[in-house]
Amino acid sequence: MTSHTSEPDAVAIAPAMGVRLRHRVEHVDTDSCGVVHFSRYNSLMETVVLDLLEEHQAGLTDLAEQDLALAMTELTVRYLRPTHYRDRLTGWAAIVHVGGAQFRAAVTLARQEPDGSTDIAVGRLGFAAVHLRSGRPRPLPATVRRTLKRLSDPSGPDHPDKEPT
């Protein structure tokens, strides 16, 4: 059973949006009690977003070709349930805001269970485009901005929620 938070600024991301992460919890992910350390959720959420961008030719590889990188500017995580060693996790992301030099994404991580999945954490991540070497802010390239806007438009053909035709 999937549950989502009703917090107004938390965006529930439906599993139908396409899995961006499949991860089996390893020992390195956990504390001495076998519970996933809180810091690992941040990394897993970032991976979900970056994989979405890479899949649409707007990721770190494409940005590096234009002497750009992404700097995280915002991270908000709401922990819903603990996760343990050997649990199987999945994650989904959606772009929720696109600006001239930055964008925000919402991410849901879930634990796979025999009867479905249970959300374990939801979060918001903000990113800004920066010059690869100097780290100074730069505008998002027009092609990347258009891709992000298509991904953020639920009616658009490239939105992760769209059923394949």
Side-chain angles (χ1 to χ4, degrees), residues 2-23 29 36 38-80 83 89-112 117 119-165:
T2 300
S3 62
H4 296 286
T5 178
S6 60
E7 194 169 300
D9 74 337
V11 175
I13 308 300
M17 295 185 77
V19 173
R20 303 279 175 237
L21 172 79
R22 292 186 193 282
H23 180 76
D29 297 323
V36 172
F38 73 92
S39 65
R40 288 298 292 139
Y41 293 90
N42 306 343
S43 176
L44 292 169
M45 286 183 176
E46 182 180 29
T47 297
V48 173
V49 174
L50 295 178
D51 284 354
L52 173 64
L53 299 179
E54 288 291 333
E55 184 179 310
H56 291 277
Q57 290 71 51
L60 297 178
T61 304
D62 301 284
L63 289 169
E65 291 172 359
Q66 300 177 60
D67 288 327
L68 296 172
L70 292 176
M72 191 174 296
T73 59
E74 173 187 347
L75 173 63
T76 305
V77 179
R78 181 175 163 97
Y79 303 98
L80 305 173
T83 307
L89 308 180
T90 54
W92 304 269
I95 305 302
V96 295
H97 170 78
V98 181
Q102 56 187 342
F103 67 94
R104 281 192 306 277
V107 178
T108 296
L109 297 178
R111 179 179 51 240
Q112 295 303 292
S117 66
D119 292 355
I120 58 168
V122 293
R124 261 189 207 276
L125 292 77
F127 295 90
V130 296
H131 186 264
L132 191 59
R133 288 179 290 287
S134 73
R136 292 196 174 119
R138 293 288 186 258
L140 287 164
T143 55
V144 171
R145 200 167 41 252
R146 280 193 300 272
T147 297
L148 293 170
K149 285 185 178 188
R150 277 196 316 268
L151 290 171
S152 70
D153 178 6
S155 64
D158 293 329
H159 192 270
D161 201 11
K162 281 289 188 196
E163 291 292 323
T165 55

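These values consider heavy atoms only, across backbone and side chains, with no hydrogens, waters or symmetry-generated copies.
- A distance of 5.0 Å separates NE2 of H23 from CZ of R40, quoted to the nearest 0.5 Å.
- Residues Q57 and T147 fail the side-chain proximity criterion, which asks for heavy atoms closer than 4.5 Å.
- Ring-plane geometry between Y79 and Y41 is classed as perpendicular, the angle between the planes exceeding 60 degrees on a 0 to 90 degree scale with a lower cut at 30.
- In terms of modelled atom types and a separation under 3.5 Å, the side chain of R104 and the main chain of H97 share no donor-acceptor contact.
- The side-chain heavy atoms of D67 and H131, taken from C-beta on, include a pair separated by under 4.5 Å.
- The shortest heavy-atom contact between M45 and V122 is CE-C, 3.5 Å.
- Separation of atoms CD (E74) and CD (Q102) is listed at 8.5 Å; rounding is to 0.5 Å.
- Contact check for L53 versus F127: no side-chain heavy atoms found under the 4.5 Å cut-off.
- Considering every non-hydrogen atom in both L140 and G99, the closest pair reads CD1-O, 3.7 Å.
- In this structure, I95 and L52 have side chains that are in contact, with non-hydrogen atoms separated by less than 4.5 Å.
- Counting heavy atoms from C-beta on, the side chains of D62 and T143 never come closer than 4.5 Å.
- Taking CG of L109 as the start and CG of D119 as the end, the distance is 9.0 Å to the nearest 0.5 Å.
- For the side-chain contact (heavy atoms from CB on, under 4.5 Å) with L60, the qualifying choice from L68, L132, L70 is L70, the only one to do so.
- Between L151 and F103 there is no side-chain heavy-atom pair separated by less than 4.5 Å.
- Here the side chain of E54 pairs a donor or acceptor atom with the backbone of T61 at under 3.5 angstrom.
- Nearest approach of A101 to R138, heavy atoms of both residues: CB-O, 3.4 Å.
- Rounding to the nearest 0.5 Å gives a distance of 10.0 Å between CD1 of I120 and CD of Q112.
- Nearest approach of V48 to A93, heavy atoms of both residues: CG1-CB, 3.5 Å.
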